[in-house]
Amino acid sequence: MSMNRREFLRASALLGGGFALGVMLPGCGREEKRAPAAAGAAAGSGAATQASAQQAPFKPNAWIRITPDDVVTIVVDKSEMGQGVLTSMPMLVAEDLDADWSRIKLEQAPADEVYKNPMLGMQATGGSSSVPSSWDQLRKAGAAARVMLVSAAAKQWQVEPASLTTEKGVVRNPANGQTLSYGQLATAAAGMPVPQDPPLKPASEFRIIGKPMARTDTPPKTNGTAGYGIDVKVPNMLIATVAHSPVFGGKVGKVDEAAAKKIPGVQAVVPVENGVAVVASDFWTARKGLQALKITWEPGKNANLSSESIHDQAAKLAREPGKVARQEGNFKGGMDKSPRKLQAVYEVPFASHANMEPQNCTAFLHDGICEVWVPTQAQTGVQMTAAKITGMPPEKVIVHTTLLGTGFGRRFEQDFVADAVMVAKATGKPIKLVWTREEDMTHDFYRPYSYHALQAGIDEQGAPRAWQHRVVTDSIMSRAMPQMVKKGIDPSSVEGAEDIAYAIPAILVDYVRQETGVPIGFWRSVGHSHTAFAKESFIDEVAHAAGKDPYEYRRALLTKSPRELGVLELAAQKANWGKAPAGVFQGIAVHKSFGSHVAEVVDLRMENGQPKVQRVVCAIDCGMMVNPDTVRAQVEGSVAYALTAALKGPITLKNGQVQQTNFDNYPALRMNEMPPVEVYFVESGAKPSGVGEPGVPPLAPALANAVFAATGQRLRSLPLQFKA
Amino acid sequence: MVAFTVNGKEQNVNVTPDTPILWVLRDHLGLTGTKYGCGIAQCGACTVHLEGQAIRSCVTPISAAAGKKITTIEGLSPDGSHPLQKAWIAVEVPQCGYCQSGQIMSAAALLASNPKPSDADIDSAMSGNICRCGTYNRIRRAIHQAAGNDTQGGAA
């Protein structure tokens, strides 16, 4: 992780202008762009808000503004999609600033180079990177401002800065008890030199980090005022909806608009990339108009694509060696010397993100700028997308990030942004473009289908001598971030397989790219969501073949991986591993992803020949935690997300089209199916690592392993299908 | 023109009678707390009360509301102080929050007819509402808390 100091610690010369413009008001210049829209959660539903005009706010950097009324405004540069960044990010700033938490106001950052995520290389939220990437950055931002405030007080009091202390928004002189508030010091602090490497607090002095803080976005999420992309209102806005080619890669042939245009309220029919949009006064009318369009599609080369043809292609590809992602010891020799050999094929299907909020985006081109209001995980991408369509330079694209009705990786993508900007450009009007649920589910960037061929050799004592994991799957990065693909290997395809932690003398992990023609993308936990299922199920097979307890077997192979071992042992202990009551069967799995270690134990009971999950016990080591209850909530949610994908679905293809269209034929886990989830922490004191995704990968294999314990059936593909 | 009452206020809207209540609320009356999720009564994000009953506003035409009273999340309490709203905050139920208006409206209808629901009652009333963040155990806990039930249901 590197940071551009010059960008980060510049003292702001832009001390004028204390306005924070609400999302309804079009911004029209650089300064307004830098004064961002109010965060939806903090300020309510897209309502125009206007901070009181302040003189000379102290803006030590891009994240902090302190005004004479003692309000500390913290700019949040990550997108809130449920993972709690509207609380955790300001907590990081407030800790080293020693701010008064009760006087903090939040703003959502505009798109700007300064907010580039140091782990992702662009302004974006994902990869479970929000806390890890901001940990140093935001704490230093707070610490730098604190140093400047202390310097200002020291100058006024004619004392040494080192003799002063800070707490809850005031600088104190312990010698005489004098205090000055941050607001009183704000104007003077702006003139102080900017420290280049401000000291950070030791963890023992934390007053905010690691303490349970109420989420700032909860109240508006209980009274209807939280503002999502779909709720954006811009004066004179029209509403559009869209149909894209049902066959991937297909094109629009002919469009007969006559019937649609006869519907009162339908205003325009506009071509978009591989599709057609209908613009109307409201969504219902737009949707009626879309249904009335007669579109002839040209299906293109994917017209015969099916789930079966993709499976057959993968099985064929798996017969040939792939590109070697990891080679350790002598795999062939290890296998040759093994008295027992196992092999198995695992398959994981396409999965849809099924974001609760259907894809949408609002765009308006005016006065030489393009304003975009969007629930996005990728502000830089939005700027590039709109710039390309409008011909404007990216900095003329003003991005207002709204709350996201879940992200899961889907909102990295730009297809819905492109739709909105194209229609806005064609009509000259502010356009809110909203996809139907059906469009969303049939035009996702799916979790890729994957085919895993595994082999292992076991010695006389049952220990594994050799292990091979061949991953056959399509490459997400080749489209999304091609610079990440090295020597033909997409790291997101083999992550979780190539870094297997078990101590095995010979390991071979190779990768065969399968190009399917199906759009694929980042789905919560990405490659780990399929590699962990194969790895953690197969090691279970190996343990059973060796006649060993699968928990003890893993333990013995993890003696040199203390953090994996730590969560494995804690989960097993809390789940009473091996001592389940009669009729309850247990499965276990452990996996590292996004720097964090998670073990899960699934307890299940068979009811009418079907497994019923009784409880899931999770242990996570994600290093230091910012807001522990949020970590707990993320793991609980990961279990639900992973259970849905393990038990329901899949996304299937026929004639180049996705066959699932809505929650009736692509169901999601519901209340009556949600097991109790227990979450335990291993407090390793390590630097923070990811939280949003690492709870997902171990669930499916732990469940499949529990099914094996219960029934003797080894289920090697998802969703798990039991033979009663 | 269709006339009805929303959150105690009389409304007249000029829409075709087949327009679902959801889109009248969102696009014509600006009440965006009620959410679009599926459009086919599968996810519950659009749940509102019609004459006190929880309905899926995405499939209920506005004609069905003529002369009747609709309550949305914005009108559940004047200031967000409904026992469920307080419990939702105390338990920190929401993650992304998108489904929570519908969850709360389903729960409010449940408590109105059954002030002390069991876990099975909660399952039955709440299984029509999908939450992709997986907040179900906290929803259960918050409903019990709002009902003043001793049992906490679900798990930590």
Side-chain angles (χ1 to χ4, degrees), chain A residues 41 45-46 80-84 214-215 217-228 230-231 233 239 281-284 354-358 403-408 434 436-438 615 629-630 632-634 636-641 662-664 668-672 674 676-679, chain B residues 15-16 18-20 22-24 26-28 30-40 42-43 45 72-74 76-77 79-80 82 84-86 88-89 92-101 104 122-124 126-140 154-156:
Chain A
S45 166
E80 178 62 69
M81 46 192 172
Q83 83 285 39
R215 281 182 64 142
D217 56 341
T218 300
K221 288 177 175 176
T222 62
N223 61 21
T225 59
Y228 301 84
I230 205 167
D231 303 328
K233 286 168 224 147
I239 297 182
S281 47
D282 60 276
F283 180 82
W284 183 248
N355 292 123
M356 208 67 230
E357 177 189 14
L403 291 177
L404 283 61
T406 74
F408 304 139
V434 178
T436 61
R437 170 60 61 192
E438 289 78 9
R615 177 178 70 157
D629 187 56
T630 301
R632 190 180 296 281
Q634 284 300 296
E636 292 166 1
S638 295
V639 166
Y641 198 75
N662 205 320
F663 290 120
D664 55 345
L669 198 81
R670 293 175 184 273
M671 173 75 99
N672 59 326
M674 181 74 191
V677 179
E678 298 173 21
V679 181
Chain B
V15 295
T16 54
D18 68 337
T19 307
L22 172 66
W23 299 109
V24 174
R26 290 184 55 82
D27 287 352
H28 296 269
L31 292 168
T32 51
T34 305
K35 297 297 192 252
Y36 168 55
C38 68
I40 58 166
Q42 284 289 312
C43 80
T72 71
I73 186 71
E74 291 92 344
L76 183 63
S77 70
D79 54 357
H82 187 283
L84 285 167
Q85 291 171 315
K86 286 185 180 168
W88 243 246
I89 292 169
E92 295 271 27
V93 172
Q95 290 185 25
C96 91
Y98 190 80
C99 73
Q100 299 296 345
S101 297
I104 291 171
I122 293 174
D123 278 349
S124 158
M126 301 303 296
S127 291
N129 289 75
I130 291 172
C131 171
R132 289 288 286 150
C133 298
T135 64
Y136 298 122
N137 289 335
R138 289 178 189 240
I139 290 173
R140 185 188 303 282

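Keep in mind it's a predicted model, so treat the numbers as computed, not measured. Each chain gets a letter, A, B and so on, in the order the sequences are listed, and its residues count up from 1.
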Which region of B/His82, side chain (C-beta onward) or backbone (N, CA, C, O), has a non-hydrogen atom less than 4.5 Å from a non-hydrogen atom of chain A, or is it both or neither? neither
For the residue pair B/Arg26 and A/Asp282, establish whether any side-chain heavy-atom pair is separated by less than 4.5 Å. no
Which bit of B/Leu76 comes within less than 4.5 Å of chain A, counting heavy atoms only: side chain, backbone, both or neither? neither
Between A/Met81 and chain B, with a heavy-atom cut-off of 4.5 Å, which part of the residue counts as in contact: side chain, backbone, both or neither? backbone
Given that the side chain runs from C-beta out, which part of A/Ile230 has a heavy atom under 4.5 Å from chain B: side chain, backbone, both or neither? both
CD1/B/Ile104 to OG1/A/Thr222 distance, rounded to the nearest 0.5 angstrom? 5.5 Å
Taking NZ, NE, NH1 and NH2 as the nitrogens, is one of them in A/Arg670 or B/Asp123 under 4.0 Å from a carboxylate oxygen of the other? no
Distance in Å, B/Met126 CE paired with A/Asn672 CG, rounded so as to fall on 0.5 Å steps: 11.5 Å
Could you tell me which portion of B/Thr19 (side chain, backbone, both or neither) has an atom closer than 4.5 angstrom to a non-hydrogen atom of chain A? both
Give me the ring orientation class for B/Tyr98 and A/Tyr228: parallel if the planes are under 30° apart, tilted from 30 to 60°, perpendicular past 60°. perpendicular
Measuring heavy-atom distances to chain B, does A/Thr630 have an atom under 4.5 Å in its side chain, in its backbone, in both, or in neither? neither
Output yes when a side-chain donor or acceptor of B/Tyr36 lies under 3.5 Å from a complementary backbone atom of A/Phe283, and no otherwise. no
Is the closest side-chain heavy-atom distance between B/Val93 and A/Lys221 below 4.5 Å? no
Part of B/Asp18 lying under 4.5 Å from any heavy atom of chain A: both
Cut-off 3.5 Å, side chains only: do B/Glu92 and A/Thr218 have a donor facing an acceptor? yes
Within the 4.5 Å heavy-atom criterion, are B/Asn137 and A/Glu636 side-chain neighbours or not? no
